[in-house]
Amino acid sequence: MGGDLLLLSVYDIVKYFPVARSFIERLFGEKRYVRAVDGISFEVEKAEVFSLVGESGSGKTTTGKLILRLIEPTSGRIVFDGVDITHIRGEKLREMRKHMQVIYQDPYASLNPRMRVGDAIKDPLEIHGIAKGEEAKEMVLDMLEKVGLTPAEDFYRAYPRSLSGGQRQRVAIARAMITKPKLVVADEPVSMIDVSLRASILELMLKFRDEIGLSYLFITHDLAVAKYISDRIAIMYLGKIVEIGGKKEIFSNPLHPYTKALMSAIPVPVPGRKRERIKLPGEIPSPIDVPPGCRFHPRCPSRMDVCREKEPALLEVSKGHLVACHLFT
Amino acid sequence: MLKVEDLTVHYMGRKIVRALEGVSIEIKKGEIMGVVGESGSGKTTLGLSILKLLPPNGRIVGGRIYLDDLDITGMSEEKMREIRGRQISMVFQDPMTSLDPLMSIGDQITETIVTHEKVSKSEAEKKALSLLEAVGISGDRFKDFPHQLSGGMRQRVMIAMALSLNPKLIVADEPTTALDVIVQDQIMDLFRNLRERFGVAFMLISHDLSLELEVADRIAVMYGGWLVELSESSRIAEDPLSPYTKELLAAIPNIELEDQKLRFIPGNPPDLSNPPPGCRFHPRCPNRMDVCREKEPPVSNIEGRMVRCWLYGR
Amino acid sequence: MLKAIRSAGADGLMIIIGLIIVISVTFMAVFSEYIAPYDPITPVGRAVEPPSSKFIMGTDSIGRDVFSRVVFGSRTIMMVVLLSTAISMLIGIPLGMLSGYAGGLLDRALSLVMDSIYAFPGLILAIAIAAMLGPGVYNTAVSLAVVYIPTYFRMVRGQVLSLREQLFVEAARAIGARGSRIMFKYIFPNLVYIIAVVFSLNVADAILTEAGLSFLGLSVVSPTPDWGFDLKNGQRYFLSGIWWPVVFPGVMIILLALGFGFLGEGLNAIMGKEER
C-alpha cells in the first residue's frame with residue numbers, strides 16, 4: 001500500500017475512558033478504565049470501502065469517533081491526507097471537517113427536528129464558506145435529486161418529521177456529501193433501515209464513491225453487509241483488530257478463530273441450513289476487565305498455553321492479509 | 001392451540017392507524033412460528049394483541065382470538081391476568097427495562113411463581129433454580145442482580161421467567177436484535193432446546209427472515225398490517241409465493257454468495273392511516289396488475305400454504 | 001401547531017380559554033381610554049356607591065369609578081409584568097444557554113448564584129428589592145425581574161444540558177459548526193416551546209407577586225390604578241358589606257393569572273405530542 005494512494009493512516013491508537021468511582025473506591029481502589037480501543041493500526045486508501053466489523057463492545061464506534069476527532073485519542077497517531085490530525089484544534093480542525101464527514105446509524109436522531117431539510121443540507125456549505133444564498137440553494141436542490149428525494153423543491157422545505165427513516169437517511173447522506181469529502185465515516189448506516197430498503201442506501205453510497213472518489217470507513221456488526229459493500233475488512237474484538245484483509249481473502253480463507261465463529265453464526269436465508277457451527281461459550285467480556293494475554297482466549301476453541309500469557313501481534317500471513325493469533329506466529 | 005381469526009386492530013387518535021387487517025393465523029402445540037415483517041407490518045401489534053397488551057389507544061375492532069377453544073378476544077383484564085404468564089407469556093427486545101433492577105434474578109423468578117401458584121417459597125426457589133439452569137445460567141448466579149449480567153444473560157433470565165408458569169406459548173418480540181450474532185445463535189439453540197424439553201410453542205417475531213428460516217417451523221410474512229404469506233419455512237425460501245416474500249428474500253445479503261446482486265424494493269412502506277386502495281403492496285410490487293390497484297386480494301390456499309395475492313386469487 | 005390545538009381536546013380547550021382571557025385583558029390594557037367611561041384617578045361620584053347603571057362596578061372609597069380603575073389597572077399590571085418578564089428573559093435565557101452549553105467553572109459559578117436567588121421565596125425577595133428601590137412602575141418591574149431570572153436560567157440550562165447530548169448536536173459538531181452556530185441554529189430553536197410554556201406559567205406567577213407587592217403598597221404610586229392597591233384600599237370596607245371595591249379587582253387578578261396559567265399548562269401538554 002503506497003504513499004500516494006493512502007488517505008488515512010492510523011498508528012496504534014488507544015482510547016481509555018475513566019470509570020466513575022465512588023468516594024471509597026477513590027480512596028482505596030485503583031483507577032479503572034474502559035479500554036474501548038486498545039492499540040489498533042490500519043490504513044484506508046483513496047476511493048476504497050474499508051469496513052470495521054465487530055460486535056458491541058468491540059470499540060468500532062469509538063474508533064469512528066476518534067478518526068472524526070470528535071474525541072481525542074489517549075495515545076497514538078492519526079494521519080489524514082498527509083496531515084497529522086491527532087491533536088489539531090480550532091480552525092485547523094474545522095478545516096479538516098470539510099474533507100471528512102459522517103453518516104450516523106439513527107436517521108431519527110441525527111437530524112435537527114427544527115431545521116428544514118434544505119437548511120440542514122445547506123449548513124455545511126455555509127459553515128465552510130463554499131457557497132451561500134441562491135448558489136447554495138441550487139447545490140442543495142441538485143444534491144436532493146442525486147439522493148433520490150424528488151420533487152426536490154418539496155423536500156427542500158420539509159421538516160424531518162414528515163420523512164420516513166429511509167428518506168431521513170438520504171438527507172443525512174446528502175448533508176455528508178455536499179462538501180465533496182475525501183472520507184466518510186459511516187456508523188451502521190443501514191442497521192435501522194428496513195431490510196428491503198438497505199440495498200438502495202448502500203447503492204447510493206457506492207454511487208458517491210464512484211463519482212467523487214471518496215473512501216468509506218464503514219462501521220458495522222453485520223458481516224453480510226460488510227461482504228456486500230467492502231473492499232477490505234478489519235474484524236475487531238474487545239478493542240483490538242484481530243484480522244484484516246481484502247474482502248475475498250477474508251471470506252474464502254478466514255484465519256482468526258473469532259472470525260470463523262462469527263461467519264458460522266450468521267443466519268443464511270436458506271432453510272434448515274445445517275452449517276458447520278462453531279459454538280462459542282459465554283459472551284464478550286467487559287472492556288473494563290480485559291482478559292490477559294490474547295483477549296479472545298477464554299472463549300477460543302483453539303486456545304493454547306501461550307494465549308493466556310502473551311498478546312499476539314497483528315502479523316502479515318499472506319499478501320495484505322494480517323492476523324493477530326498465536327496459531328500463526 | 002392458539003387461533004387468530006380475521007383479526008383487525010386499529011390505533012385511535014388524530015388519524016386512525018389500521019395496524020392489522022383480517023389476520024388469521026394458527027399456532028400448533030410445540031410449534032415455532034416465525035412472524036416476519038418490516039416497519040409498519042403489524043408484527044408487534046399482533047404479538048401485543050394476543051396478550052391483550054395493546055396501548056390504551058389500540059382497539060381490536062374485528063376478529064377473534066381463541067386459546068384452546070376459549071375465546072379471549074373480549075376477555076376482561078382480570079381474567080386475562082390469569083392467562084398471561086400461565087398460558088401465554090412474552091419476551092421483549094430489551095430485557096433491561098423488563099427486569100426489576102433492585103431484585104436478584106433468582107428472587108424475581110421465585111416471586112413470579114409464588115404469586116401465581118400455590119407452592120411454598122422453598123419449592124418455588126427450587127423451581128427457579130432449575131429454570132435458570134435450563135436456560136444456561138449456573139445456579140451460583142441465583143443471587144445476582146440484573147446489572148451484573150450481560151445482555152445475553154439478562155435475556156436468558158427473561159426467558160426463564162417466561163417459562164416459570166409452564167405456558168403453552170411464549171411470544172418473543174425481537175428477542176435477539178440487541179444481542180451479538182454469536183449470542184443470538186446461542187439463544188436460538190435455547191429456544192429449540194426448550195421446545196424439545198417443555199413442549200412450549202414460540203411465536204418468534206423478527207425483521208430478520210434469515211433467522212426465521214433457520215429456526216422456525218412455519219413462517220408468517222406480514223406487510224402493511226396484512227398477512228401476505230404463511231407457509232412452512234422450508235418451502236418459503238425455495239418457492240416463495242407472494243411477490244413481497246420474493247423481493248424480501250432477494251434483499252437479504254447472503255454471506256455464502258459471491259458477487260451477490262442485492263435487490264431493494266422501491267418506494268416506502270404504506271402509511272397505515274391512509275393505506276393504498278386495493279392491495280397494500282401494489283405501489284411497490286413488480287407483478288402489479290390492474291386489479292391489484294382496485295380490489296383487495298382474497299386469501300388463497302395453495303397446497304396447504306396461505307397467500308394473499310391476486311396472482312393466486314380467483 | 002394550530003392543528004395540534006384543535007385536536008388536543010381538553011388541553012386545546014385550555015389554551016383557547018387562556019388565550020381568550022389574555023387577549024381580552026390585553027385589549028383592555030391597550031384601549032383603556034376607549035373602554036373606560038370615566039377618568040380613573042378623579043372622583044366622579046359619591047364614595048362607595050353600589051354598582052348601578054351609572055357606575056357598573058360601583059365607586060371606591062374616594063368616589064372613583066371602580067370599572068374605570070379596573071380597566072386602567074389592567075394596563076398597569078400588564079406593563080409591569082411584561083416589562084419584568086422581558087428583562088428576566090433577556091438575562092436568564094442567554095445565561096442559561098451559555099451555562100448549559102459551556103459547562104465547567106462558568107456553569108458552576110452561575111448556577112450557584114442563580115440557585116441562591118431561587119432559594120428565596122419569591123414574594124419576600126420582591127418585597128426586599130422593592131423596598132430598596134422604592135415605588136414606581138419601572139422599579140417594580142426590576143424587582144420582579146430579579147426574582148424570575150433564575151426560573152428562566154434553570155429551565156433553559158436544563159434543556160440545553162439534555163440537548164447537548166443529542167445526536168444531531170454531535171452531528172453539527174462533526175460537520176464543523178462553531179459553538180455559536182450550534183447554539184443559535186441547533187439548540188435555541190429546540191428551546192422555543194419550553195420557553196413559551198415557562199413564559200406563560202411565569203407570567204401567571206408574576207401577576208400574583210405584583211398584586212402582592214401593590215397590596216403591601218410597595219409597587220406603584222397612588223393614584224395610579226392598580227388592582228392590588230385597590231384591593232388593599234377596599235379591604236377595610238369589606239366586612240361592612242361593601243364588596244364591590246374588593247371583589248372586582250380581586251377577580252381580575254385571579255382571572256388574569258388563570259388565563260396565563262391555562263395557556264401555559266395547555267401548551268405544556270401539547271408540547272410533548274408535537275415533538276414527534
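Order of the sequence lines sets the chain letters (A, B, ...), proteins ahead of strands, with each chain counted from 1.
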For A:Lys98, is it the side chain, the backbone, both, or neither that has a heavy atom closer than 4.5 Å to a heavy atom of chain C? neither

Looking at C:Phe31 versus C:Phe27, is the centre-to-centre ring distance below 6.0 Å? yes

Under 4.0 Å between a side-chain nitrogen and a carboxylate oxygen: does that hold for A:Glu126 and C:Arg181? yes

Tabulate below the donor-acceptor pairs under 3.5 Å that side-chain atoms of residues 105-112 of chain A make, not counting sequence neighbours, or state none.
from	atom 1	to	atom 2	distance (Å)
A:Asp106	OD1	A:Tyr108	N	2.8
A:Asp106	OD1	A:Ala109	N	3.3
A:Tyr108	OH	A:Gly165	N	3.2
A:Ser110	OG	A:Asp106	O	3.2
A:Asn112	OD1	A:Arg114	N	3.0
A:Asn112	OD1	C:Asn190	ND2	3.0
A:Asn112	ND2	C:Lys185	O	3.0

Quick one: what part of A:Met100 sits under 4.5 Å from any heavy atom of chain C, side chain, backbone, both or neither? backbone

Segment of C:Arg173 engaging chain A (4.5 angstrom heavy-atom cut-off): both

Residues at least two apart in sequence or cross-chain that pass side chain to side chain contact (heavy atoms under 4.5 Å, CB included) with A:His99, listed by chain then number, are A:Phe80, A:Glu95, A:Lys182

